[in-house]
Amino acid sequence: MTDYDLERYLNVRSAHGASFGPDGDRLAFLLDATGVPQAWLLDEPRSWPEQLTFYEERVTFVSWSPERDELVFGMDEGGNERAQLFRLDGDGETIEPLTDMPDAKHRWGGWNSDGSRFAFTSNRRDEAVFDVYVQDRDGRGDDAEMVYEGDGWLTVAGWSPDDDRLVVSEAHSSFDQDLYVLDLDSGDLDHVTPHEGDVRYQSVEWGPDGDALYLVTDEGADTMYLARLDLDATEISVVEEGGDWNVDGVALDEDTGRLVYSRNVDGYTDLTVGELTSERSLREFPTPNLPRGVAGGVSFGPDAERFAITVTGSTNNTNVYVVETETGNAERWTDASTAGIPSETFVRPQLVHYETFDGRDIPAFFSVPDDAVDGETPVVVDIHGGPESQRRPSFHAVKQYFLNRGYAYFEPNVRGSSGYGREYTHLDDVEKRMDSVADVEAGVEWLHDHPAVDPDRIVAMGGSYGGFMVLAALTEYPDLWAAGVDVVGIANFVTFLENTGDWRRELREAEYGSLEDDREFLESVSPINNIRNIEAPLYVLHGENDPRVPVGEAEQIADEAAEQGVPVDKLIFPDEGHGFTKLENRIEAYTSIADFLDEHV
């Protein structure tokens, strides 16, 4: 098998986040051909795209006006997540700043029906909370009108069909939201999801008549289902049950009643396409003939005759497809390069399950190189972040590089992961935090029994909360690991919560425990306070501008581990935030990780 260097793998491109133009003939999308995602334009499948933005910073989304030849896009600076909004002419010639307040975050809330106004939420008044704003398309900065003063984490989910109301979501935690309807004339805010306990109300769309919302929720159920929320009665009714798996998203065209919803089946996306025939029934169309993997981000064209969708798979890099709604015929529009690496060399994982300490089965994806030699194969155990996230069968260039280098790759969805129902997700809350680390230990024991694996060459690697899991695994089960790689990870829950962005603290305390009530427990499970146990060499990487997990987390764990005599490497990027988006930085980061593992594993 041909060996390809890491830079080659990191040059595998990704196209995603598509938006149809008002004429239905053009598609705007994000593509990282320049090294960071920028806005690009296509007017026919697999043709040469036109680049619309030319920045060194990442563009985070693009949304075409419903009637004019113009788009809005978002961009932050240095990974600081303080996104600003810009208006771009469809020919790419003119760009106008819309928000122009670089110290504040701006969360896009969509165009109204004729594209004359748009909505967003921002923490420009108070960094800790988000207010709701409406702005004329040609306004700028202070021209935005605050239509509601918030006191929490607010997001605009969309305009009503007659443009007189906004649906506003308030997040209390990742697994508890509330929905409100804001009347723009009166300023009245109606709470339409009164509930007790944690309930998710997500992927919200206005119904065709403006008298209901369609959404996915787990109200009264363990898994999420497709529901209709009657706004007059504030009652939820089931449209499609979740069953054993979550319905994880819905897109609805309010003019035609055509919709697409997705079900997450053990990580893989199952799509259903149809149109409403009544309030709670629909006529299904043929299933789109898309590659198997993970799909989402639906954008309907005019009259919903077709829709764009982003698709990725374990052996398919991320691209945008356009689907004919009634027939299911799908055509790939973007041509994101595989950097000359034949796609047939990419390794497809096995979906496996292993038993953990309390008898539960833990799902995981396990990939083994084609030329693996029994008993001699090192393994990277890659632990996802969140913690309410899920490792799914999407394309991962770094993973494919390590597989090409002879490493196996193990990706567990330990307790606390989303995708497996409400109960499973809450099994790691607060005082049960370390049970998820025990699930990692059980996964390593499962690897020890696999004939291909060398049990003395197993690596823990993870980012964000996954970085905490790496550090916890190294300090709780030090004998299992040959090395650890911590990317933008949490070392100390107390200092993390004290220093994370003000707008995030309440959300994170709902998951981890509060500084006021749980400080002693948070200290007890913080890897920094158990660093005396660590034995394996450690590599710590971070972005200096990280607003989620401050860079001090990396600095303190690296210093404390070095004082224990542990071999430690540290790499801090001054122009990155929570993760690495610039190509040159990603090349440096993952090349250095590969060199570190070459030395120690």
Side-chain angles (χ1 to χ4, degrees), residues 20 63 66 109-113 119 155-171 176-183 190-195 199-221 223-243 245-264 269-285 287-288 295-301 303-309 323 325-326:
F20 264 115
S63 177
W111 298 96
N112 69 349
S113 59
T155 306
V156 174
W159 296 73
S160 64
D162 52 9
D163 291 337
D164 63 345
R165 292 164 295 161
L166 299 174
V167 59
V168 178
S169 172
E170 180 177 15
D176 187 25
Q177 295 93 38
D178 265 303
L179 299 180
Y180 301 84
V181 173
L182 175 64
D183 187 299
D190 292 333
H191 184 197
V192 295
T193 55
H195 66 275
V199 180
R200 288 176 285 180
Y201 303 96
Q202 299 175 352
S203 189
V204 183
E205 300 275 356
W206 282 93
D209 298 323
D211 60 350
L213 302 174
Y214 288 82
L215 55 115
V216 297
T217 181
D218 58 359
E219 181 178 301
T223 56
M224 300 183 74
Y225 55 91
L226 177 60
R228 180 182 185 272
L229 170 58
D230 185 298
L231 293 178
D232 291 329
T234 62
E235 290 181 353
I236 287 280
S237 54
V238 176
V239 179
E240 291 290 339
E241 294 279 5
W245 304 104
N246 285 329
V247 175
D248 58 0
V250 60
L252 174 65
D253 181 72
E254 63 188 35
D255 292 329
T256 64
R258 291 184 167 182
L259 56 76
V260 180
Y261 71 87
S262 57
R263 184 175 268 107
N264 176 348
T269 298
D270 275 2
L271 281 183
T272 299
V273 181
E275 66 180 9
L276 294 171
T277 56
S278 68
E279 292 178 348
R280 290 188 296 142
S281 61
L282 58 103
R283 176 168 66 97
E284 291 190 13
F285 298 137
T287 301
V298 169
S299 171
F300 284 106
D303 300 321
E305 292 182 353
R306 55 183 181 165
F307 61 89
I309 188 168
V323 180
T325 305
E326 288 195 20

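Nothing here was measured: the structure is a model prediction, and the numbers come from that model.
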Within this structure, what is the [atom1]-[atom2] distance for the pair [X] and [Y], rounded to the nearest 0.5 Å?
X: Phe20; Y: Glu305; atom1: CZ; atom2: CD; value: 10.5 Å
X: Thr269; Y: Ile309; atom1: OG1; atom2: CD1; value: 7.5 Å
X: Gln202; Y: Met224; atom1: CD; atom2: CE; value: 4.0 Å
X: Leu282; Y: Glu240; atom1: CG; atom2: CD; value: 5.5 Å
X: Asp218; Y: Tyr225; atom1: CG; atom2: OH; value: 7.5 Å
X: Leu166; Y: Asn112; atom1: CG; atom2: CG; value: 9.5 Å

Report task. Classify the side-chain pair Thr223/Asn246 by whether it contains a donor and acceptor separated by less than 3.5 Å. Result -> no

Query - Chi angles and distances behind the side chain to side chain contact (heavy atoms under 4.5 Å, CB included) call for Asp211, Leu231 - result: CA-CA 6 Å; Asp211 60 350; Leu231 293 178; 5.8 Å; no

For [Y], is there any backbone N or O sitting under 3.5 Å from a side-chain donor or acceptor partner on [X]?
X: Gln177; Y: Tyr201; result: yes
X: Trp159; Y: Gly110; result: yes
X: Tyr214; Y: Ser203; result: no
X: Trp206; Y: Glu254; result: no
X: Arg165; Y: Gly210; result: yes
X: Asp176; Y: Val199; result: yes

State, with a plain yes or no, whether a side-chain heavy atom of [X] is found less than 4.5 Å away from one of [Y].
X: Val239; Y: Tyr261; result: no
X: Asp230; Y: Ser237; result: no
X: Leu215; Y: Leu179; result: yes
X: Leu276; Y: Leu252; result: yes

Query raised in the report: In this structure, are over 12 heavy atoms from other groups packed under 6.0 Å from Arg280 atom CZ?
Result: no

Report summary line: side-chain contact (heavy atoms from CB on, under 4.5 Å) filter on Thr277, not counting sequence neighbours, yields Ser281, Arg283

Query raised in the report: side-chain contact (heavy atoms from CB on, under 4.5 Å) with Ala304: which residues, sequence neighbours excluded?
Result: Asp253, Thr256, Arg258, Phe300

Requested in this report: Might you point out which heavy atoms bring Pro161 and Gly207 nearest each other, and give the distance in Å?
Outcome: CG-O, 3.6 Å

Query raised in the report: Is the shortest distance from a Lys or Arg side-chain nitrogen in Asp248 or Arg200 to a carboxylate oxygen in the other one below 4.0 Å?
Result: no

